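What follows is a short report on a single structure.
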Amino acid sequence: MARNIVVGAAQLGPISRLDSRTSAVDRMIKLMDEAKQQGVELIVFPELALTTFFPRWFIEDQVELDSFFEREMPNLETAPLFKKATELSMGFYLGFAELIEESGKKRHFNTSILVDDKGSLIGKYRKIHLPGHFENEPSRAFQHLEKRYFETGNLGFPTFKAFGGQMGMCLCNDRRWPETFRMLGLQGAELVMLGYNTPAHYPPVPKHDHLNDFHNHLVMQAGAYQNGTWVIGVAKAGNEENCDLIGGTCIIAPTGEIVAECKTLGDELIVYQCDLDRCTEIKNGIFDFAQHREPENYKLITETKGVKIEGSD
Ligand code: ING
């Protein structure tokens, strides 16, 4: 018996700094309509899908910076997305910049939510691996100030029982860290959704730029295979405010095989019927954690942050 779920990966092309949230929402609604035609039950959108990737600029004015964040979800501009989801009986993953006030203090997170086919919130994730830097570095062609603009996520790596299986979420740089997928895998994740905004040019090591598309798939395919889970990776792509972002949106099976991939750098939908029961081919075999993991030997992984070489001080 197959536990099938028809998943849509909805890549978005560039969102410019002056684009309204409504224009981004309208583009996502158009992709939802197209997805419905193909029987999609769950659609995945990118990281920071409502605005341009603003961490590429050093923004000193806090009011301007906060204008890229959502204070409620849903809100006036995103309500149509929730309404459409309910009309189409389609669940969705959405990445956005989240601003909350807690005991009088403003807090900023790079967030994703999972919403069910009735428009109700199932769960939330806040990005834990924040790449880039904290101070303005004018020598860079563009900044990557996620460490400055967001706090480290404070919700851990939760999974959620929904859509007939165990669902997991993460965001962009999280996919590069095996700990992310293993934390979700150890909770039985069968389908991991993640959005990303990945510049084609990585200023610290320009000679690796030609490897960015390869590294993008490498880490997601490894995460899928090593944890026996489906992975849905969705890009905000294209030349956004003069900064090239990679595409490579894809749907990856628990075997690590890419079963569907976007071919453009614009708004593009790919669809695949994911059989969640296929996860057992890996979870009950080569990566049967209970049978084969040896956590007593992995203490360094949780006890240290950086490299620790025996014998050196
Ligand atoms: N973006 C990038 C990512 O991890 C990056 C940052 C780019 C890291 C290129 C390494 C190389 O995909 C975000 N938003 O995390």
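First listed ligand is number 1; within each ligand, the first listed atom is number 1. Predicted model only: the values in this text are computed from it and were never measured.
In terms of polar-atom proximity, N212 is not counted as a contact of ligand 1, lacking any N or O under 3.5 Å from an N or O of the ligand. The distance criterion of under 3.5 Å between nitrogen or oxygen atoms is met by T198 with respect to ligand 1.
With a 4.0 Å heavy-atom cut-off, ligand 1 is reached by the side chain of H144 but not by its N, CA, C or O. Looking at H201 against ligand 1, nothing comes within 4.0 Å, counting heavy atoms. Contacts with ligand 1 closer than 4.0 Å are made by side-chain heavy atoms of E146 only, the backbone lying farther away.
Aromatic ring orientation, F142 versus H201: perpendicular (interplanar angle above 60°, classes split at 30° and 60°).
Of all the atoms in ligand 1, the ones that sit under 4.0 Å from a non-hydrogen atom of N197 are 1 (N), 2 (C), 13 (C), 14 (N). Against a heavy-atom cut-off of under 4.0 Å, C172 is close to the following atoms of ligand 1: 1 (N), 2 (C), 3 (C), 12 (O), 13 (C), 14 (N), 15 (O). Set against the non-hydrogen atoms of N173, the atoms of ligand 1 under 4.0 Å away are 3 (C), 4 (O), 8 (C), 15 (O).
The closest heavy-atom contact to atom 11 (C) of ligand 1, among the options Y196, W177, Y202, comes from Y202.
Ion pairing of E179 with R182 is absent here, as no side-chain N (NZ or NE/NH1/NH2) approaches a carboxylate O to less than 4.0 Å.
Here side-chain hydrogen bond (donor to acceptor under 3.5 Å, both in side chains) pairs that include residues 111-120, with residues two or more places apart or in two chains, are E98-T111.
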